[in-house]
There are 2 protein chains.
Amino acid sequence: MRDLDETDLRIIELLAADARQPYSDIGDDVGLSGPAVSDRVKRLQDSGVLKRFTVDVDRSQLRAGVPVFVRLTVDSGMAGLRERVSSASAVEHLFVTADGELLFYGRAQADGVRDWLADLIGDADVREREVSVVDDMEWTPALGGVEFALTCAECGNTVDSEGETERLGGDVYHFCCPSCRSRFVERYERMEAGAE
Amino acid sequence: MRDLDETDLRIIELLAADARQPYSDIGDDVGLSGPAVSDRVKRLQDSGVLKRFTVDVDRSQLRAGVPVFVRLTVDSGMAGLRERVSSASAVEHLFVTADGELLFYGRAQADGVRDWLADLIGDADVREREVSVVDDMEWTPALGGVEFALTCAECGNTVDSEGETERLGGDVYHFCCPSCRSRFVERYERMEAGAE
DNA sequence: AATGAAAGGATTAAGCC
DNA sequence: GGCTTAATCCTTTCATT
């Protein structure tokens with residue numbers, strides 16, 4: 001894997017702010033030509049860092065219903081439940097925790113929250129459920145500044161092309177060396193076993 | 001406000017899937033010319049339905065740390081806390097509930113979760129806190145099919161240009177008639193007063 | 001990674017329904 | 001008012017260095 005450098009990160013930042021701006025404008029900002037930016041974007045897409053070009057929609061103007069945050073404690077049937085919730089078009093953000101909770105944000109018809117939830121839960125074994133009305137919501141594609149870099153998940157040092165990679169719980173982590181990797185994996189597994 | 005029609009919704013859907021595709025391709029799909037699509041996109045942006053063109057980044061490849069979901073029950077100081085959390089670059093999703101909880105998803109250094117949280121909380125009065133490791137996360141810009149329409153938040157009927165609009169908790173709702181509007185507002189306020 | 005030529009989109013303006 | 005077509009301008013892509 002080729003290293004990501006500051007220029008790549010700046011390009012991502014600019015695309016996050018406006019994904020449809022010309023590559024030549026981005027080039028002006030980072031001191032590259034348009035084609036050079038295009039090449040980098042292609043590489044970023046191939047490596048999976050850039051997942052997709054998309055659009056941020058103010059759904060409150062489009063879909064009926066009250067915005068709610070739902071928390072379910074799931075004893076069994078998580079896989080199917082996750083799929084049902086994920087494919088529900090009223091659900092926009094979804095999180096699965098290591099200790100078996102399914103959290104999601106979506107919009108429910110004001111007079112049908114109970115039925116809506118019952119449909120989603122289906123035959124999954126849900127021990128606890130909690131629904132809150134959401135006042136305010138924010139998703140931030142804008143990337144921060146200085147903390148944003150390809151760093152070792154264990155020690156924070158920069159990861160270069162000699163680095164290692166580990167997939168844990170669906171995410172990819174990078175490490176600068178094998179010892180950082182094994183230390184991190186151990187700690188992660190401990191955290192997962194007995195979450196705070 | 002001009003009505004949104006099926007074509008607008010389809011355009012949004014296509015842009016959500018690939019925001020950088022040519023307008024003429026979108027036009028082929030919806031049966032319009034490129035310039036017509038361009039016009040509609042401009043209108044959608046002006047009306048605020050399309051908030052921005054952006055990029056979905058796999059941050060797991062970029063930032064160190066364990067993905068965590070944090071839940072804070074806040075007695076006072078929510079406004080400042082919300083701002084601090086929102087501007088933290090490691091925080092990507094944030095929700096504020098009507099009953100004074102602040103929920104967010106971000107990435108913490110594995111060995112510094114406590115300090116990271118303490119910094120974010122600052123002088124806010126937080127009664128309870130809970131941190132969970134996140135196994136799986138999904139954000140869905142893809143819009144569903146049939147449920148996706150400009151509908152009355154109360155009765156589900158289509159809202160036309162005669163419709164009314166109400167802003168509640170930072171979101172905009174649409175109604176087909178004044179009576180739906182007042183019924184919805186009442187129910188919303190009840191939900192907010194005593195959330196489930 | 002830059003350059004320059006060729007191809008392909010976007011935007012504008014004029015005209016139609 | 002919203003659409004289309006045609007012309008212009010700009011962006012992207014590709015071959016070359």
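Not measured: the values here are computed from a predicted model. Chain naming here is simple, since letters A, B, ... match the order of the sequence lines and numbering starts at 1 in each.
Counting to the nearest Å, the P atom of dT5(D) and the CG atom of D28(B) are 12 Å from each other. Look at CG on L15(B): it is 11 Å from P on dA10(C), rounded to the nearest Å. Straight-line distance from the OH atom of Y23(B) to the C1' atom of dT12(C): 15 Å, rounded to whole Å. Per the geometry, CZ belonging to R20(B) stands 12 Å off C1' belonging to dA10(C), to the nearest Å. Here the C1' atom of nucleotide dT11(D) and the CD1 atom of I26(A) are 12 Å apart, to the nearest Å. For the pair F53(A) CZ and dT12(D) C1', the interatomic distance rounds to 13 Å; values are reported in whole Å. Atom CG of D18(A) and atom C1' of dA10(C) are 14 Å apart (whole Å). Atom pair R40(A):CZ and dT13(D):P shows a separation of 16 Å (rounding to whole Å applied).
No close placement of the H93(A) and Y105(B) rings is indicated, their centers lying 6.0 Å or farther apart.
Checked against dA10(C), dC3(D), dT12(D), the side chain of S24(A) finds its nearest nucleotide in dT12(D). Distances were taken from every side-chain heavy atom of K42(B) (C-beta onward) to each of dT11(D), dT12(C), dG9(C); the shortest belongs to dT12(C).
Counting all heavy atoms, side chain and backbone alike, R107(B) lies closest to W116(B) at O-CZ2, 4.0 Å. Minimum heavy-atom separation, V85(A) to L120(A): CA-CD2, 4.1 Å. Between L14(B) and Q21(B), the shortest heavy-atom distance links the atoms O-NE2, 2.9 Å.
Relative to the six-membered ring of F104(B), R84(B) misses at least one condition, a distance below 6.0 Å or an angle of at most 45° to the axis.
Side-chain N/O atoms of S38(B) include none lying less than 4.0 angstrom from OP1 or OP2 on dA10(C).
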Nucleotide N/O of nucleotides 2-6 of chain C paired with protein N/O under 3.5 Å:
residue, atom, partner, partner atom, Å
dA2(C), OP2, S33(A), N, 3.3
dA2(C), OP2, S33(A), OG, 3.0

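With hydrogens and angles ignored, the 3.5 Å screen pairs a side-chain donor or acceptor of R20(A) with a backbone N or O of A19(B).
For the side chain to side chain contact (heavy atoms under 4.5 Å, CB included) test with L102(B), the passing option among V96(B), V70(B), T73(B) is V96(B); the others fail.
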